[in-house]
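So that the names make sense, note that chain A is the first sequence line, chain B the second, and so on, each numbered from 1. Because only heavy atoms are used, hydrogens play no part in the values below, and waters and symmetry mates are left out as well, while side chains stay in.
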Amino acid sequence: MSDRRGRSTSLTARGEPFQWLLGGALGLALAMIVGLLMLVLWQGSNAFWPRPLELIELRDGTRLLGIEVRREPMPGGEGMRRLLRVGNFDLYGEDFRWIAEEAIASTRFPADAWMVERMEWGPFIGFLIGLERDGTLAETDGDALAEAHREARRRLREIRRIERSEIGAINHELERLRLALRRSELRHGVDSLAHRAEEARIASESARLEERFAEWLRKAKALRESDSRERVVLADVVGRRISLPLSQVVRFVRPNDLSLAGKLEVYLDRWWEFLSADPREANSEGGVFPAIFGTAVMTILLAVLVAPFGVVTALYLREYARQGRMVSLVRISVNNLAGVPSIVYGVFGLGFFAYLVGGTIDAWFFPERLPSPTFGSGGLLWASLTLALLTVPVVIVATEEALAAVPRSMREGSLACGASKWQTIRNIVLPRAMPGILTGLILAMARGAGEVAPLMLVGVVKLAPELPIDGNFPYLHLDRSFMHLGFHIFDLGFQSRNSEAAKPMVFVTALLLLAFVFAINLVAILVRARMKRRFAGSRF
Amino acid sequence: MNALASNASVSTAYHPRQGGHGQVLRIENFSLWYGSQQALYEVSLDIERGLVTALIGPSGCGKSTLLRSLNRMNDLVDGVRTSGRILFDGRDIHAPGTDVIELRKRMGMVFQKPNPFPMSIFDNVCYALRVDGVRKRAVLEEVVEKSLRAAALWDEVKDRLEDNALALSGGQQQRLCIARAIANEPEVLLMDEPCSALDPIATAKIEELIDRLAGRFTIVIVTHNMQQAARVSHNTAFMYLGRLIEYGDTETVFTVPRVEQTQEYITGRFG
C-alpha cells in the first residue's frame, strides 16, 4: 500500500502526451492558416510599392536596367543568380532576364531612370528623351511632363467616352432595330405586306442612326489623330529609342528619385487604379473593377435567390412536416448536397439551367436573336442560381437550427393567446430565429462569393466587354456573362502569357477576395451580435 | 395506496363548494395517454364559474396535463390520445369541428416560467388582440391600460410601454404574462404553477392579484405549494398518480380531508 502511494501516476495515465499532441495539432493548423494569410497579405500589399531600378553592368560589357525580382542559388551550380525585370517587351521580346551574380561587374541606381507604365506592352524601363509635338522633339522636365500627361489622359478619356457611351448607345439602338426586323420577319413572314412596311420603317431609322454613327466615328477619329501627334520619346539602357503617344502612358515613375511620400503617392495611386479601372494586357495589368463588380452583383443575386428557397424549405421541414422517416431522409439528402463537389453543380447548372431552361426561354421569348443565345448560355442569372443551389444546404441547416432554438415556451405563449400556427410562426418564431437565419444566409454568401469551379461553366469569363448593370434597358442584364475575382486569380496565375509578370496581381487579387469574404463574415458576426442584444434580457 | 399502482380506478371523494353561477367546465371520465403511457385515469371534475380552483399533488401526478388539456395545449405533443369528455359551456372541446383557436381565445393561460415575447411591453399585452385582427390604436391603448391595471403592473411600467418586455424583472414579467392572458377578456384563466420561478415577494404579489381577479374570471391554478393553494383557492383538487383522489372546498381539504392520502400529502408525509 505504502509502496503504491510513493509512485507517481504514469505519464500516459495523466494523458499529458495526448495533450501535447492535441496542442501541437492546433498549433500546426494555426501556423498554416497564419502563414497563408501573412503570405497573401505581405505579397499583396507589397506588389504596388515602387521598387528601385538597378543598372547592372556585366563583365562582358552588357548593360541591363531593371527591377530585381528575386535572388536564388544557381540551379545545379555554384553561386547565386538574380531575376531582373527588364520590361520593354516590345524591344526585347521578354520581360525578365536571369543574371549570374559572378558575371556582374558593377551595379548602381541611376536617379534619372524611369519606369513608364504603358497601356500596351507592359512597362518601359529606361530614360526619358523628351516630348515630340507634331514631329519636333523638345526636352522636358518632370513638371511639364506631368502637366502634358494629365492633359493627354483627359483627351483619352474623352475619346473613350465617345466610343463607349455615344457610339455604344447607337450600336445598341441598331442592334435593337435588327432584332425588331427579325421579329417581324418571324411573325409576319418575309413576303408579307406588314413585314415590308416594317422593313421600310426600320431601314429609314437605321439610315438615320448610321449617319449619326459615322459622325461620331469621324469625331473620334479626329480626336485620336490629334492625340497621337503628341508623343513621348524614350530610350532604353543601350540607347534604343521608341516613341509612343503620351496618352498611352498610364504613369511615369522615377523610383530611384522618389522620397517616401512620393513612393506612397505612387503606391496609393496604383491601388486606386487597381480597384477602379478595367484590366488591360490580358488582365495582368490595370484594375479589376469589373471583377469586383461582377462578384458583388452575383453575390447579392445569390442571396436574393437562396434566401426564400432555403428559409421556406427549412420552415416546412421544421414546423409543418410530420417528423418521420421521410423528413429524416430529406434532411440527410440536404446535408449530402453540401458535400457534392462544386464542379458537379457547375455541370448541372450548364446542362439544366443554361441549355435546357435557357434554351427554352430563348426559343419562346427571344427567337429573333437565334442562333446567338440570350439565356441559352452561361450568364449572371444561371451562375447565381447554380451558386444558390450550391449554398442552399447551408441556409436550410442554419435556419432549421435557428427555428429549433426558439423556446417552446414562446410558441406555447403565443398559441395560448389564440394565435394560429402561422401567426405564431410569423410573429414569434421567425423574428426570434432571424439572427440565426441571417447568419446562415451571410455565410452562404461568403461561401458563394469565394467559389470558382462551377462559375467557369455557367457564365464567368476572362474579360467581359460590358458590366452586368448599365444604362441600357433593362439595366440589370441577367443574361450577360461577367467577371469574377476568384476566376480572375485562376486566370492570372495559370492562363496568362506572362505568368511571372502577373504574379503580383495574383496576390493582390487574392488579398482583395479574402478581404471581400472577410468583410461578409464580419457583417454576419455584427448582425448576430446586434440581434442577440435584442434578446439579451431573455431568461431562456 | 397499492390499488393505485395497478390500473384500478378509484372513487373520488367529492365535496366542492358551489359558486352559484353553475359550472363553466365539466370534465367527465377524462383519460389521457402520451403514447402508451397513461397520464390521466378517468378524471371527473366540475369547475365552478367565478371561483378559484387549485390542482395540487406530487410531481408527475398529472395536474399540469389536466390543466393543459383544458385549452388543448396537449395537441402540440406528438402521440397524445384522450378519452372521455371535457365540456366547456356545455360543448365538448374535442368534438370534431371545434375551433381550437376560438377555444384558446376564451381561455387565457399563464405558464410556469414567465414567457414574455421579445417585443415591447405594449405589444406583448395586445398580442392576443392583434392576432385577432384589432388594429385601432385607441382600442389597443385602452385594453393595454385596463389589462396592466388589472395585473397590478400599470404604475410600474406606464412610462416605458415601448421598452422591451425582457428588461422587466421576473415577477414583473409574470404579471405582464397575466395581463397578456386577460387582455382578450377570456372566461377562464389557466395558471400552470405561475409562482414557481419567482421569489417570495413576487409570489405574494401574484397571489394578491389572483385574489383580485377571482370573480371576474374563473381561475384554475396548478401549484405544488400547498400554502398557496390554501391561501388563494376556493376549491382544491388533490391528484395522485393520474387519478383525482379528492375534490372539495379548500378549507375542508386542508383541515379535515375525507381521504387518508390527501391527509398524508398535505401534512407532508409523502410527495
Trainee: How about CZ on Phe293(A), more than 12 heavy atoms from neighbouring residues, nucleotides or ligands closer than 6.0 Å, or not?
Mentor: yes
Trainee: Taking all heavy atoms of Ala416(A) and all of Asn71(B), pick out the closest pair and write down the distance.
Mentor: CB-ND2, 4.4 Å
Trainee: With only heavy atoms counted, which part of Phe117(B) is less than 4.5 Å from chain A, the side chain, the backbone, both or neither?
Mentor: both
Trainee: What's the separation between atom CE in Met73(B) and atom CZ in Arg411(A), rounded to the nearest 0.5 Å?
Mentor: 11.5 Å
Trainee: Closest approach of Cys417(A) and Lys105(B), non-hydrogen atoms and distance?
Mentor: O-CG, 4.2 Å
Trainee: Would you find more than 12 non-hydrogen atoms of other residues, nucleotides or ligands less than 6.0 Å from Asn336(A) atom CG?
Mentor: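 Yes, CG of Asn336(A) has more than 12 neighbouring heavy atoms, counting only those of other groups under 6.0 Å.
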Trainee: Can you tell which part of Arg426(A) gets under 4.5 Å to a heavy atom of chain B, answering side chain, backbone, both or neither?
Mentor: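 Answer is neither: Arg426(A) stays 4.5 Å or more from chain B.
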Trainee: How about CZ on Arg91(B), more than 12 heavy atoms from neighbouring residues, nucleotides or ligands closer than 6.0 Å, or not?
Mentor: no
Trainee: Can you name the closest pair of heavy atoms from Thr424(A) and Tyr127(B) and give their distance?
Mentor: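 Looking at all heavy atoms of both residues, the closest pair is CA-OH, 4.1 Å.
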Trainee: Using every non-hydrogen atom in the two residues, find where Gly413(A) and Asn115(B) come nearest and quote the distance to one decimal.
Mentor: CA-ND2, 3.4 Å
Trainee: Using non-hydrogen atoms and a 4.5 Å limit, figure out which bit of Arg72(B) sits close to chain A: side chain, backbone, both or neither.
Mentor: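 Neither the backbone nor the side chain of Arg72(B) comes within 4.5 Å of chain A.
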Trainee: Between Pro118(B) and Met410(A), is there a side-chain heavy-atom distance shorter than 4.5 Å?
Mentor: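 With C-beta onward as the side chain, the pair touches.
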Trainee: Check salt bridge (charged side-chain N to carboxylate O under 4.0 Å, His left out) between Arg26(B) and all other residues, then give those that pass, not counting sequence neighbours.
Mentor: Glu28(B), Asp46(B)
Trainee: Other residues, nucleotides and ligands only: do more than 12 of their heavy atoms fall within 6.0 Å of CD on Gln37(B)?
Mentor: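 At most 12 heavy atoms, drawn from other residues, nucleotides or ligands, come within 6.0 Å of this atom.
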Trainee: Looking at Tyr320(A), I'd like to know if its OH atom is crowded, meaning that more than 12 non-hydrogen atoms belonging to other residues, nucleotides or ligands lie closer than 6.0 Å.
Mentor: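 Atom OH in Tyr320(A) is packed in, count exceeds 12.
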Trainee: Heavy atoms only: give me the nearest Glu412(A)-Leu76(B) pair and the separation to one decimal.
Mentor: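 Closest pair (atom of Glu412(A), atom of Leu76(B), distance): CG-CD1, 4.1 Å.
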Trainee: Got more than 12 heavy atoms from elsewhere within 6.0 Å of CD, Glu142(B)?
Mentor: no
Trainee: What part of Met107(B) gets closer than 4.5 Å to chain A, counting heavy atoms only: side chain, backbone, both or neither?
Mentor: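 Answer is backbone: N, CA, C or O of Met107(B) sit under 4.5 Å from chain A.
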Trainee: Within a reach of under 6.0 Å around CD1 of Ile201(B), are more than 12 heavy atoms found that belong to other residues, nucleotides or ligands?
Mentor: no
Trainee: Specify the closest pair of heavy atoms between Ile428(A) and Met119(B), including all atoms of both residues, with the distance to one decimal.
Mentor: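 Ile428(A) and Met119(B) have their closest heavy atoms at CD1-CE, 3.7 Å.
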